[in-house]
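Note on naming: letters A, B, ... go to the chains in the order of the sequence lines (proteins, then strands), and numbering restarts at 1 for each one.
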Amino acid sequence: MRLKRTHMCGDLRADHIDQTVIVAGWVDRIREIGGVTFLDLRDREGRVQLKFRLESSAKLLDAANHLGREYVIAAEGKVVHRGEGNTNPKLPTGDVEMEVEDLEILNKSETPPMEIRDDIEVNSELRLKYRYLDLRRPSLQANFKLRHRLVKSARDHLDARGFYEIETPLLTKPTPEGARDFIVPARQSPGKFFALPQSPQIFKQILMMSGFDKYFQFARCLRDEDKRGDRQPEHTQLDLEMSFVEPADVQSVIEGVAADIMKQTLGIDIVTPFPHLSYRDAMSKYGSDKPDTRFGMPLVDLSDDVKECGFAVFANTVKEGKVVKALRIPTGHTMVSKGQFKALEKDAKGRGAKGLAFIRYAEDELVSPIAKFFTEEELAMIKERTGAETGDLVVFVADTAHLADQILAHFRITFADKLELRDMSRYDYTWIDNFPQFEYDEESNQIVAAHHPFVMPENPEQLLAFADELRHTDGAVTPKAVDLAESIVATQYDFVVNGVELGSGSIRIVDREIQDAMFVCLGIGKEQAESQFGFLLEALKYGAPPMAGIGIGVDRWLMILLGLDTIQDVIVFPKTAGAKGLLDDSPAFADPAALEELGIQIVPKKE
RNA sequence: GGGGAUGUAGCUCAAUUUGGUUAGAGCCCCGGACUGUCGAUCCGGAGGUUGCGGGUUCGAGUCCCGUCGUCCUCGCCA
């Protein structure tokens with residue numbers, strides 16, 4: 001390397017005029033115009049225009065004309081003003097250009113399989129295979145600059161508040177989040193396996209028992225589940241835990257972190273503390289435990305109003321203990337054509353609904369196949385309860401609360417997008433709390449945990465009673481058990497913004513008796529608890545402080561800050577939907593000798 | 001694991017509905033022209049096993065079966 005860089009391409013401004021500088025980077029584009037050639041040179045900070053003139057040096061001009069895209073070069077030259085009428089306001093460096101006096105080719109490049117620019121679409125397979133080219137695009141560079149800012153800002157904030165950054169093991173025992181574990185064979189213990197952590201949950205609790213008081217970590221979390229737009233097999237959590245605190249203390253820390261992050265990344269001042277919304281209210285109003293609270297369009301529960309109505313489908317649904325919920329779509333009648341409604345109905349059915357009832361509030365009549373089943377009074381009630389006006393569309397789902405909420409919440413978001421009700425410059429951070437500790441599934445007559453098994457209940461005496469009941473019935477799910485289970489409220493708090501669940505935290509159980517009761521309630525036997533979590537239970541005997549914490553999805557947070565709808569482009573090397581790494585072509589077959597050593601034999605999967 | 005979409009030039013797409021003779025366009029690439037361009041422009045050129053395998057047919061990018069990849073979605077999951 002003959003020419004040593006003095007400035008970054010993207011940093012050059014009018015201030016640098018008359019200075020002789022050396023820049024280095026990738027050839028973005030070359031424009032030959034006879035006796036003059038313009039070359040855009042790109043680095044992390046941006047692009048600058050290099051100029052080669054016949055009058056200055058025929059040799060340099062010829063050299064420039066023989067460069068190719070993505071060649072890596074260094075250039076020395078004088079920064080000059082481009083002159084009246086030649087400036088480019090679209091470029092931050094657009095007032096200036098470099099008159100090149102010396103040029104060094106640092107590396108050549110084959111013609112890349114994709115163009116390095118933001119304004120073209122390339123299929124994701126190619127983007128992931130040549131991720132290093134994809135990452136050269138300015139928008140991707142900006143994503144990771146923001147990611148760095150977010151991490152740095154959170155780290156600084158937590159350091160200032162007395163947190164220790166501590167790493168926990170990657171080779172661990174299975175953790176209890178409920179997802180499938182990635183497992184790693186243990187060579188020195190034939191037949192045994194490590195699990196990669198789904199989260200550092202147990203370890204951070206033990207760190208509190210170790211007396212570290214306040215801990216945080218940017219923790220990689222690995223879960224062997226199918227991916228979605230906002231889910232990858234490996235993701236990063238800002239994980240933290242505090243001793244001698246209550247949820248409000250943890251929330252206050254996160255509010256401080258969030259305020260700093262918003263300021264440092266987007267330059268936005270946000271108002272703290274954040275509002276709280278109970279799980280119950282979130283579900284009834286928005287049909288979701290991660291509601292987008294930036295706009296209204298509340299779901300309306302008509303169950304009580306229609307249980308005696310003339311429309312048998314509605315009345316019977318309510319009598320079966322299910323619900324009838326409605327969503328008013330403002331201007332929906334004018335906006336949604338018959339054909340488009342068919343698509344909606346198909347969508348609803350695809351999600352499990354039996355149908356999608358509707359009323360169109362046309363100019364002077366109701367267009368609806370179900371209107372004829374209702375009395376005038378009932379129609380007036382529906383109009384009043386939903387707030388429907390002329391031009392609106394109201395859709396109804398009569399089914400289980402779960403399904404009705406899921407479908408209508410989905411439509412609520414879809415139409416808010418169409419109506420442009422989702423203000424992209426707004427960030428509605430919200431705490432969701434008062435979650436149920438258990439969920440009861442009527443069909444299978446089973447009570448399952450809504451969270452991991454270390455979440456402290458608000459009302460532990462109910463948990464103890466529930467455990468007692470199960471001990472008496474030998475685990476059988478009686479109506480009394482269901483009542484008790486449903487009465488237990490978790491100390492859990494979820495951190496939500498704009499309809500995305502960023503994180504979740506709680507007070508942890510540190511009382512051995514309550515922890516034992518929790519295992520009973522989850523149907524985890526003494527032996528199983530001992531073998532899976534024995535080390536934690538043992539630790540609880542030796543003085544565990546009261547503790548609470550939270551884990552926040554860094555990738556999702558970035559997705560929100562950048563206005564993206566997937567986390568794919570805030571992760572440098574993401575996996576595909578089939579959990580493959582296209583860049584390194586992972587996963588791959590293992591060396592037979594390695595398998596031999598591990599005592600592992602591959603058995604073909606049965607059909 | 002289920003459902004849906006998709007695969008045509010290096011890239012983005014058209015031709016698929018109704019099977020028909022030579023599979024087109026823009027960008028990229030190559031050559032030429034051009035002394036203020038910046039998505040440069042103009043002229044010329046190259047570039048294809050239509051994902052892969054099989055089948056139907058006189059004839060398949062187009063129809064059928066299988067298979068693989070990618071994306072979305074349900075289940076699952078943070």
Near A:Arg280 CZ, under 6.0 Å, is it more than 12 heavy atoms from other residues, nucleotides or ligands? no
For B:G10, which nucleotide is its Watson-Crick or G-U wobble mate, given both distances must be under 3.5 Å? B:C27
With sugar-phosphate taken as primed atoms, P, OP1 and OP2 and all else as base, the protein-contact string of nucleotides 68-74 of chain B at under 4.0 Å (heavy atoms; B, S, -) is -SSSSSB
Atom-to-atom span, NE2 of A:His81 to P of B:G36 - whole angstrom: 18 Å
Minimal non-hydrogen separation, A:Lys322 against A:Asp399, with atom names: CB-O, 3.1 Å
Distance between the P atoms of B:C43 and B:G55, in whole angstroms? 47 Å
Going by modelled atom types, is there a donor-acceptor pair between the base of B:C77 and the side chain of A:Arg223 at under 3.5 Å? no
Heavy atoms from other residues, nucleotides or ligands near CZ of A:Arg44 exceed 12 (cutoff 6.0 Å): no
Could you check whether the side chain of A:Arg82 and the base of B:C38 have a donor-acceptor pair of N or O atoms closer than 3.5 Å, going by distance alone? yes
Just the rounded figure in Å: distance from P of B:C77 to CD of A:Glu439. 10 Å
Taking everything shown except A:Glu55 itself, do over 12 heavy atoms lie less than 6.0 Å from its CD? yes
Evaluate the ring pair (Phe, Tyr, Trp, His ring centres under 6.0 Å) criterion for residues A:Tyr427 and A:Trp557: first the C-alpha distance (whole Å), next the side-chain angles of each, then the deciding distance (0.1 Å), finally the verdict. CA-CA 11 Å; A:Tyr427 298 88; A:Trp557 206 341; over 10 Å; no
In Watson-Crick or G-U wobble terms, with both distances under 3.5 Å, the base opposite B:G66 is B:C52
Given atom CZ of A:Phe52 and atom C1' of B:G36, what is their separation to the nearest angstrom? 15 Å
Watson-Crick/G-U partner (both atom distances under 3.5 Å) of B:A40: none
Give me the distance, rounded to whole Å, that separates B:G48 from B:U12 when you measure between the C1' atoms they each carry. 16 Å
Under 3.5 Å, which N/O atoms of the protein pair with N/O atoms of nucleotides 40-42 of chain B?
| residue | atom | partner | partner atom | Å |
| --- | --- | --- | --- | --- |
| B:A40 | N6 | A:Glu32 | O | 2.6 |

Taking for each residue the nucleotide of RNA chain B with the nearest heavy atom, is it A:Met114 or A:Gly94 whose nucleotide lies nearer the 5' end? A:Met114
Nearest-Å distance once atom C1' is located in both B:U8 and B:G47: 14 Å
Which nucleotide sits closest to the side chain of A:His235: B:U35, B:C76, B:A78? B:A78
Can you check the distance between B:U22 and B:C28, where both ends of the measurement are the P atom (answer in whole Å)? 31 Å
Checking A:Gln49 against A:Thr93: is there a side-chain donor and acceptor pair closer than 3.5 Å? no
For A:Glu84, answer base if it contacts any base atom (sugar-phosphate contacts may also be present), sugar-phosphate if it contacts only those atoms, and nothing otherwise; contact means non-hydrogen atoms under 4.0 Å. nothing
Rounded distance (Å) that lies between atom P of B:A78 and atom CD1 of A:Ile567: 14 Å
Describe, in one word, how the ring planes of A:Tyr429 and A:Phe274 are oriented to each other, choosing from parallel (under 30°), tilted (30 to 60°) and perpendicular (over 60°). parallel
On a whole-Å scale, what distance lies between the C1' atoms belonging to B:G20 and B:C30? 35 Å
Expressed as a whole number of Å, how far does the C1' atom of B:C29 sit from that of B:C11? 11 Å
Assign A:Leu126 to base, sugar-phosphate, or nothing according to its heavy-atom contacts below 4.0 angstrom with the strands shown. sugar-phosphate
Mate of B:G19 across any strand shown (Watson-Crick or G-U wobble, both atom pairs under 3.5 Å) is none
Sub-4.5 Å side-chain heavy-atom contact between A:Asp569 and A:Arg127: yes
In whole angstrom, give the distance that lies between atom CZ of A:Phe182 and atom P of B:C76. 19 Å
Looking for any heavy atom pair under 4.0 Å, which part of the strands does A:Arg69 touch: base, sugar-phosphate only, or nothing? sugar-phosphate
Please tabulate, for the side chains in residues 58-67 of chain A, all donor-acceptor contacts under 3.5 angstrom to protein atoms that are two or more places apart in sequence or on a different chain.
| residue | atom | partner | partner atom | Å |
| --- | --- | --- | --- | --- |
| A:Asn65 | OD1 | A:Thr37 | OG1 | 2.6 |
| A:His66 | ND1 | A:Asp62 | O | 2.8 |

P atom, B:A23 versus B:G10: distance in rounded Å? 16 Å
Atom CD1 of A:Ile550 to atom P of B:A78: distance rounded to whole Å? 15 Å
Which heavy atom of A:Leu207 sits nearest a heavy atom of A:Ile166, and at what distance? CD1-CG2, 4.0 Å
In whole Å, measure the gap between the P atoms of B:U62 and B:U21 for me. 13 Å
Using the ring pair (Phe, Tyr, Trp, His ring centres under 6.0 Å) rule, take A:Phe495 and A:Trp431 through it: C-alpha gap first, then chi angles, then the decisive distance, then the call. CA-CA 5 Å; A:Phe495 186 48; A:Trp431 294 105; 4.8 Å; yes
Reckon A:Gln237 touches a base, only the sugar-phosphate, or nothing at all at heavy-atom distances under 4.0 Å? nothing
Under 4.0 Å, counting only non-hydrogen atoms across every strand here, what does A:Glu97 touch: a base, just sugar-phosphate, or nothing? base
d(CZ, A:Arg231; P, B:C76) in whole Å: 10 Å
With heavy-atom distances below 4.5 Å as the criterion, would you say the side chains of A:Asn434 and A:Tyr493 are in contact? no
Sugar-phosphate only, base, or nothing, as touched by A:Thr87 at under 4.0 Å among non-hydrogen atoms: base
With heavy atoms under 4.0 Å as the rule, sort A:Gln49 into base, sugar-phosphate or nothing. base
Interatomic distance where CG belongs to A:Asp181 and P belongs to B:A78 [whole Å]: 11 Å
